[in-house]
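A quick note: this is a predicted structure, and the numbers were derived from the prediction, not measured.
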Amino acid sequence: VPKPLKFLRPHFQRLKDIHSQIKDPSVQKLCADVVSALAMTMKGSREVLKYRLVGCEEEIGAWGQEYVKHVSHELGEEWTLVADDEALDEAGKKAKKATLLALAKTIVHFNR
């Protein structure tokens, strides 16, 4: 995690609140990227993936190898949760898995 982001740790919740209030979609995506990277520093947070999926979709390695590891780990957990989610119908599961699979492919490409 870049050192300047570590100083934002105490403001994590506030940044998430700001993200949800931003009206401009391009700015909201940029904010999601920052929140996603910052989520790596938060214990017990599964929000690296959550905010990655709503972010700018830039190069997965832009935040470094540790970021990719966090996204990969959360992606695996999310895949299992989706498979076991009885609240989702088959179409919902398929759509969610397609999104996760697309991200997994970018991770595989990055690790080549």
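Summarising the geometry of Ala104 relative to Leu75, their closest heavy-atom pair is N-CD1, 3.8 Å, with the distance given to 0.1 Å. Contact between Ala32 and Gly55 at its shortest, heavy atoms only, is CB-CA, 3.8 Å.
Among pairs with a residue in residues 91-112, none fulfils ring-ring contact (aromatic ring centres under 6.0 Å, His included), at least two apart in sequence or across chains. Counting only residues at least two apart or on different chains, the side chain to side chain donor-acceptor pair (under 3.5 Å) pairs with a member in residues 29-40 are Ser36-Tyr67.
Checking His73 against Glu77 by side-chain atom types alone, a donor-acceptor pair falls below 3.5 Å.
Cluster membership check: Leu38 does not share its hydrophobic cluster with Val27, using side-chain heavy-atom separations under 4.5 Å among Ile, Leu, Val, Met, Phe, Trp and Tyr. A continuous path of ILVMFWY side-chain contacts below 4.5 Å connects Val68 to Met42, so both sit in one hydrophobic cluster. Hydrophobic clustering keeps Val35 apart from Leu30 (ILVMFWY residues linked when any side-chain heavy atoms are closer than 4.5 Å, directly or through intermediates).
Note that the CD atom of Glu90 and the NZ atom of Lys93 stand 5.0 Å from one another [nearest 0.5 Å].
Other residues, nucleotides and ligands contribute only 12 or fewer heavy atoms inside 6.0 Å of the NZ atom of Lys50. For Lys96, the NZ atom counts as loosely surrounded, since its 6.0 Å shell holds 12 or fewer non-hydrogen atoms of other residues, nucleotides or ligands. A 6.0 Å sphere centred on NZ of Lys69 holds no more than 12 heavy atoms belonging to other residues, nucleotides or ligands.
For Glu57, there are no side-chain hydrogen bond (donor to acceptor under 3.5 Å, both in side chains) partners two or more places apart in sequence or in a different chain. Applying the side-chain contact (heavy atoms from CB on, under 4.5 Å) rule to Thr106 yields the partners Ile60, Leu103; only residues at least two apart in sequence or on another chain are considered.
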Result block: side-chain N/O donor-acceptor pairs under 3.5 angstrom for residues 80-88, not counting sequence neighbours:
residue: Thr80; atom: OG1; partner: Gly76; partner atom: O; Å: 3.2
residue: Asp85; atom: OD1; partner: Ala87; partner atom: N; Å: 2.9

Less than 3.5 Å apart, which donor and acceptor atoms pair up between the side chains of residues 18-25 and the rest of the protein, not counting sequence neighbours?
residue: His19; atom: NE2; partner: Gln28; partner atom: O; Å: 3.4
residue: Ser20; atom: OG; partner: Asp17; partner atom: O; Å: 2.8
residue: Asp24; atom: OD1; partner: Ser26; partner atom: N; Å: 3.0
residue: Asp24; atom: OD1; partner: Ser26; partner atom: OG; Å: 2.9

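Side-chain contact check for His70 versus Trp63: every heavy-atom pair is 4.5 Å or farther apart. Looking at heavy atoms from C-beta onward, Thr41 lies out of side-chain contact with Leu8 at the 4.5 angstrom threshold.
The closest donor-acceptor contact from the side chain of Arg52 to the backbone of Val71 lies at 3.5 Å or more, if one exists at all.
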For this session: May I have the step-by-step check of salt bridge (Lys or Arg N to Asp or Glu O under 4.0 Å) for Arg46 and Glu78, ending in yes or no?
Result: CA-CA 9 Å; Arg46 291 194 54 243; Glu78 187 67 20; 3.2 Å; yes
